Every structure is written in C-alpha cells, then in structure tokens.
Amino acid sequence: MASRPSGIDPASKPSGDGCVECLAEGGWWFHLRRCAQCGHIGCCDNSPAQHATRHAKETGHHVIASFEPGETWFYDYDTDQAISGPRLPEPRWHPKNQPVPGPAGKVPRDWQLRLHD
Ligand SMILES: [Zn+2]
Ligand SMILES: [Zn+2]
C-alpha cells in the first residue's frame, strides 16, 4: 500500500467556483488554487489578497493544486517544490466560462497594474 502523501486528501471536494474569502469580501482574483487537503478555493499569489497562501499558513494545509481549467500541477509550500498528486474529485477546475480574472463584475479596469509579481 502506498502511503497517502502528506497534505493531500484524495477525497476532498472543492469549496466552490471561486475564492472563498474574495467572494465573501467582494474582492477579485487572477488565478485560483485548490487546497489539496480540504478543498478550500483561494486566489493565487499574483492576486491582490493571496488567499490560497494565507489559507496554507493559517491551517498548515501545505499542498495546493491548480483550479485553472486543464492544469494538473500540485505545489508543496513546505518544500517550495512542484509535486505530482492524485486526480482529485470533480469539479477539478473552475467552470471554463468563468472569466479570468474573476469574478464577473468585481474586477477593476486596471487589474493588471494591481497584480503582485
Ligand atoms: Zn481571494
Ligand atoms: Zn485547506
């Protein structure tokens, strides 16, 4: 039996289509990341509020997966390395017709100037 990789729960379902905190606060995101442990959807480090990384720091859930359509990479904050992971439960990504950045109606015109490097 292969042991389950630390930080990944292969049964975890995504919390929704968008960043939990941005949706609650009326913010916006660039790309979305999925916590591989609990399914929390958060925004990437280029996004203004960087909620995926904040979630990892606050919870100790140290592996994220991309929530962008077609992307299958995982990343481990503990080692700062890209890692491979299992196929997580559907939906694997946000809906293809969901705008990037998102969510619709919340993204400022000058959003590109507001990204983190
Ligand atoms: Zn966010
Ligand atoms: Zn989590």
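All ligand and atom numbering here is 1-based and tracks the order in the structure. Given the structure is predicted, the values throughout are model-derived calculations rather than measurements.
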Practice prompt. Could you tell me whether the side chains of His62 and Asp76 share a donor-acceptor contact shorter than 3.5 Å?
Written response: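 Looking only at side-chain atoms, Asp76 and His62 do form a donor-acceptor pair, the distance falling under 3.5 Å.
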Fill in: Closest approach to the Zn ion (ligand 1) by His51, given as the N, O or S atom name
ND1
Discussion item. Rounding to 10°, state the angle centred on the Zn ion (ligand 1) that links SG in Cys22 with SG in Cys19.
Written reply: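 My answer is 110°, to the nearest 10°.
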Worksheet item: For Pro48 and Trp28, which heavy atoms make the closest approach, and how far apart are they?
Response: CG-CZ2, 3.4 Å
Discussion item. Among the N/O/S atoms of His61, which is closest to the Zn ion (ligand 2)? Give the atom name.
Written reply: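 Relative to the Zn ion (ligand 2), the closest nitrogen, oxygen or sulfur of His61 carries the name ND1.
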Practice prompt. Examine Cys35 and say whether one of its N/O/S atoms is closer to the Zn ion (ligand 2) than 2.8 Å.
Written response: yes
Worksheet item: Just by modelled atom types, is the Asp17 backbone N or O under 3.5 Å from a matching donor or acceptor in the Gln98 side chain?
Response: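 Looks like yes, one N/O pair under 3.5 Å.
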Worksheet item: How many angstroms lie between CD1 in Ile64 and NE2 in His40, if you round to the nearest 0.5 Å?
Response: 11.5 Å
